Visitor: 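Have a look at this one before I ask anything.
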Amino acid sequence: HLIIWYIILCFSVFFFSVMGCVLLFVVFRWEEERYTDGSKWRFLEHKGPVFAPPYEPLPDKVKFYYDGKPMKLSAPAEEVTTFFSKMLDHEYTTKDIFRKNFFKDWRKEMTSEEKSKITDLNKCNFSEMSEYFKTQSEARKQMSKEEKQKIKEENERLLQEYGFCIMDNHKERIGNFRIEPPGLFRGRGDHPKMGMLKRRIRPEDIIINCSKDSKQPKPPPGTKWKEVRHDNKVTWLASWTENIQGSIKYIMLNPSSRIKGEKDWQKYETARRLKKCVDRIRTQYRDDWKSKEMRIRQRAVALYFIDKLALRAGNEKEEGETADTVGCCSLRVEHIKLYPKMDDQEYVVEFDFLGKDSIRYYNKIPVEKRVFKNLQLFLENKQPEDDLFDRLNTSILNKHLQELMDGLTAKVFRTYNASITLQQQLKELTCPDDSVPAKILSYNRANRAVAILCNHQRAPPKTFEKSMQNLQTKIDEKQNQLSAARKQLKAAKADRKRKAVQRIEEQLMKLQVQATDREENKQIALGTSKLNYLDPRISVAWCKKFGIPIEKIYNKTQREKFAWAIDMAEKDYEF
DNA sequence: GGACAGACTTGGCGTTAATCTG
DNA sequence: CAGATTAACGCCAAGTCTGTCC
C-alpha cells in the first residue's frame with residue numbers, strides 16, 4: 001500500500017509540476033508584458049540568411065543559337081538566358097513589354113563583343129536550353145527514393161541551422177531565411193516592369209540586425225555584410241534593397257512567433273473596439289453626406305464604401321512603376337457607373353476596377369439616394385481618368401479615422417466586417433443536430449461569405465472539372481452500393497445489415513457535402529480571409545461549442561499561427 | 001501637406017509533400 | 001506500392017500605414 005501511495009504521490013507531484021509549467025508557459029507566452037518604450041526585443045541572435053546557390057554553367061552540348069548559328073556566351077550573359085528559357089512556355093514571354101525589358105537587362109550582362117553581335121531578340125533561339133531544363137526537371141521527378149531522401153535531409157539540416165533564432169527567451173521559427181534567387185521579374189497583371197532582371201543578392205547587400213550581446217552571424221568566407229546593426233525598434237533579422245522597385249525586403253519571423261502572434265491578437269482587439277463604436281461612426285458619416293464641404297462629403301462616401309463593401313484604402317501609386325490598380329480613395333471616374341433605375345432597383349452603382357494583384361472587382365449595388373446624388377456631384381465636369389474623390393486620399397481619411405477611434409485606420413473595417421460576418425453567419429448556418437461534415441460545410445459557407453465580401457477570388461483550378469467528375473463517380477458508386485445494401489436489409493432484416501446501410505448513408509452524405517462545398521468554392525479563395533481577417537477565437541469557440549475537432553478547421557501551420565487563440569478562447573467567446 | 005523611406009500585412013499561385021486509390 | 005489526386009507550403013509580389021524631412 002505504501003508503495004502504491006508513494007507512486008501516486010510521485011505521479012501527482014510530477015503531474016502538477018508539469019501542469020504548472022504549462023500554465024506558466026501559457027501566461028508567459030501570451031500575457032508576457034509588452035515593452036512600453038516601442039522596443040520589440042532585448043535579445044536577438046540568429047545565423048543570417050541562406051544564399052541562393054551559385055550559377056552552374058550549362059554543359060557545352062546545350063547550345064544557344066543566334067541567327068541560326070551556335071554561340072557560346074559568357075557566364076553572366078548565359079545565366080540570364082537560362083531564366084528566359086525556363087519561362088518559354090508562358091504566354092507572357094511573348095508580350096512586348098516583357099521581351100523589351102528582358103532584352104534591355106540581358107544586354108547589360110553581356111560582354112561588349114556579345115553586345116555588338118546580339119541586337120535582336122527575335123533572332124535568339126533558346127529551344128535547346130529550354131529542352132535541357134525540361135529534361136532536368138523530368139529527371140528530378142524520376143529520382144530514386146534514396147536520392148530524394150538525401151535532399152530532404154539536407155533541407156532539414158539547413159532548416160535546423162538557419163531556420164530558427166533566439167528572440168528574448170524563445171527559440172522562434174524564421175519565416176523566410178532563404179534569400180530570393182535571381183530571375184526575371186514577372187509581377188501581377190499588366191506590369192510595366194515585367195521581364196526585368198532581378199539581380200542576385202550577395203552578402204555585401206545584406207544588413208544584419210541582431211542584439212549587441214548575441215553571437216553575430218558570419219558572412220560566407222571571403223565576404224562581408226553591408227552592415228550589422230542593433231535596432232530593437234524593429235522586428236526584422238536581415239534586409240536588402242531589391243532592384244526592381246527599389247524597395248526593401250526583410251527576413252522576419254514565422255507567424256507562429258510571439259512577436260507576430262501578439263500583433264495579430266492586437267489587430268483583432270482593435271477591430272473589436274471598432275465594434276463598440278461602429279454605430280456612432282456610421283451615424284456620423286451618414287450625417288456628413290449632407291455636409292456643405294465637398295471634402296467632407298467625399299470622405300463620408302468613401303468611408304461608406306469601405307465599410308459596406310470592404311474596399312481597401314487605396315493609396316496613390318507612382319504611375320508607370322506598377323500595374324494600374326486602385327482601391328477606394330484612388331477610384332477614378334471610369335471605375336463606376338450610375339444607374340438611377342436598374343430593373344426593380346433604384347440608385348444602383350456599378351463598380352468595375354482592378355484591385356490589389358490586378359484582381360477584378362465587379363459589383364452592382366443599390367445605395368441610398370444621398371450617396372447617389374453625391375456621386376453624381378463628384379462626377380460633374382470630370383474625365384474618365386480623373387479621380388472620383390479628388391479632395392481625398394488615404395492619409396486624410398486615416399487622420400479622420402484616428403480622431404474617431406484610437407488606432408482606427410481604413411483596413412480595420414475590413415477586419416471588423418470580415419470577423420463580424422463570420423460570427424453572424426456561423427450563428428445563422430450551424431444546426432446543432434447536423435453531422436460533423438454538415439457542420440463543416442456550414443463553417444466553410446460562413447467563411448465563403450467573408451471571402452466574397454473581401455473579393456478573394458481565384459482562378460478555377462486547372463483540374464477542377466476532372467476532380468468534380470471523379471467525385472460524382474464516387475457518389476454514383478456509393479448510391480449503387482446503398483441501394484444494394486438496402487435490398488439486403490429488406491431480405492435479411494439483420495441488425496448487422498441495418499448498421500451497414502446506416503454507414504453507407506453516412507459515407508454518401510459526406511461525399512455529397514464535399515461535392516457541394518467544392519462546387520461552391522470554384523472561384524473563391526478561403527485562405528486569405530481565414531489567415532488574415534477572421535478572428536481565430538470565433539472559430540475556436542465555434543469548434544468548442546459544437547464539438548468539432550480544431551484539426552477539421554485549421555491545419556498544422558494554422559494551428560501554430562493561432563496557438564494564442566486556441567489557448568485563449570472558450571466556447572462562449574464573442575467577437 | 002507632399003514626397004519618400006521604411007516596416008509590416010495581405011495576396012494569389014505554382015511547387016512540393018502528404019494522402020489516397022487501384 | 002506506384003501513380004494520381006489533393007492539401008499544404010513557400011514564393012515573392014503588392015498592398016497599408018507610419019514617420020521623417022523639407
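Just so we're clear, the structure is a prediction, and the values are computed from it rather than from any experiment. First the proteins, then the strands, lettered A, B, ... as listed; each starts at 1.
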Visitor: Remember a base hit wins even if backbone is also touched, and classify A:R178 as base, sugar-phosphate or nothing at under 4.0 Å, heavy atoms.
Guide: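 Touches sugar-phosphate only.
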Visitor: Assign each of A:S395 and A:N470 to its nearest nucleotide of DNA chain C by heavy atoms, then name whichever residue's nucleotide is nearer the 5' end.
Guide: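 Residue closer to the 5' terminus by nearest nucleotide: A:N470.
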Visitor: Can a salt bridge be assigned to the pair A:D535 and A:R537 using a cut-off of 4.0 Å between side-chain N and carboxylate O?
Guide: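 Yes, this pair counts.
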Visitor: Does any donor atom in the side chain of A:Y533 or A:N417 lie under 3.5 Å from an acceptor atom in the other side chain?
Guide: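 Side chains of A:Y533 and A:N417: no pair found under 3.5 Å.
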Visitor: Please work out if A:I244 contacts a base, only the sugar-phosphate, or nothing of the nucleic acid, heavy-atom cut-off 4.0 Å.
Guide: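 The answer is nothing, as A:I244 stays clear of every strand by at least 4.0 Å.
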Visitor: What's A:Q558 touching, base or sugar-phosphate or nothing? Going by heavy atoms closer than 4.0 Å.
Guide: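 Nothing: the residue A:Q558, judged by heavy atoms under 4.0 Å, touches no strand.
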Visitor: With ring pair (Phe, Tyr, Trp, His ring centres under 6.0 Å) as the test, would you mind laying out the steps for A:F185 and A:H191 before giving the verdict?
Guide: CA-CA 10 Å; A:F185 177 81; A:H191 200 116; 4.9 Å; yes
Visitor: Counting only side-chain heavy atoms from C-beta out, which of C:dG15, B:dC8, C:dC17 sits nearest to A:T325?
Guide: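 Of C:dG15, B:dC8, C:dC17, C:dG15 is nearest to the side chain of A:T325.
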Visitor: Mark yes or no for a side-chain to base donor-acceptor pair under 3.5 Å between A:K356 and B:dT10, with no hydrogen or angle criteria applied.
Guide: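 Per atom types, the contact qualifies.
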Visitor: Can you measure A:F464 atom CZ to C:dT6 atom C1' for me and round it to whole angstrom units?
Guide: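 A:F464 atom CZ is separated from C:dT6 atom C1' by 13 Å.
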Visitor: To the nearest Å, give me how far apart CD1 (A:I524) and P (B:dG11) are.
Guide: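 So the CD1-P distance, A:I524 to B:dG11, works out to 14 Å.
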Visitor: Can you work out whether A:N176 or A:G189 has the more 5'-proximal nearest nucleotide on DNA chain C?
Guide: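 Nearest nucleotide further toward 5': that of A:N176.
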Visitor: How would you label the contact of A:R173 with the nucleic acid (heavy atoms, under 4.0 Å): base, sugar-phosphate, or nothing?
Guide: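 Counting heavy atoms under 4.0 Å across all strands, the contact made by A:R173 is with sugar-phosphate only.
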Visitor: Give one of base, sugar-phosphate or nothing for A:R188, where a contact means two heavy atoms less than 4.0 Å apart.
Guide: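 A:R188: base contact, heavy atoms under 4.0 Å.
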Visitor: Remember a base hit wins even if backbone is also touched, and classify A:P181 as base, sugar-phosphate or nothing at under 4.0 Å, heavy atoms.
Guide: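 Answer is sugar-phosphate: A:P181 comes under 4.0 Å of backbone atoms only.
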Visitor: Given side chains that start at C-beta, do those of A:R559 and A:K556 come closer than 4.5 Å, heavy atoms only?
Guide: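 Yes - at least one pair of side-chain heavy atoms lies under 4.5 Å apart.
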Visitor: Return the value, rounded to whole Å, for the distance between atom CD1 of A:I248 and atom C1' of B:dT9.
Guide: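 Nearest whole value for this atom pair: 16 Å.
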Visitor: Just to be sure I understand the rule, does A:T463 reach a base, reach only the sugar-phosphate, or reach nothing, if contact means heavy atoms closer than 4.0 Å?
Guide: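 No contact at all - A:T463 keeps every heavy atom at 4.0 Å or more from the nucleic acid.
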Visitor: Which whole-number value in Å describes the distance from A:R186 CZ to B:dG12 P?
Guide: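 So the two atoms are 16 Å apart, to the nearest Å.
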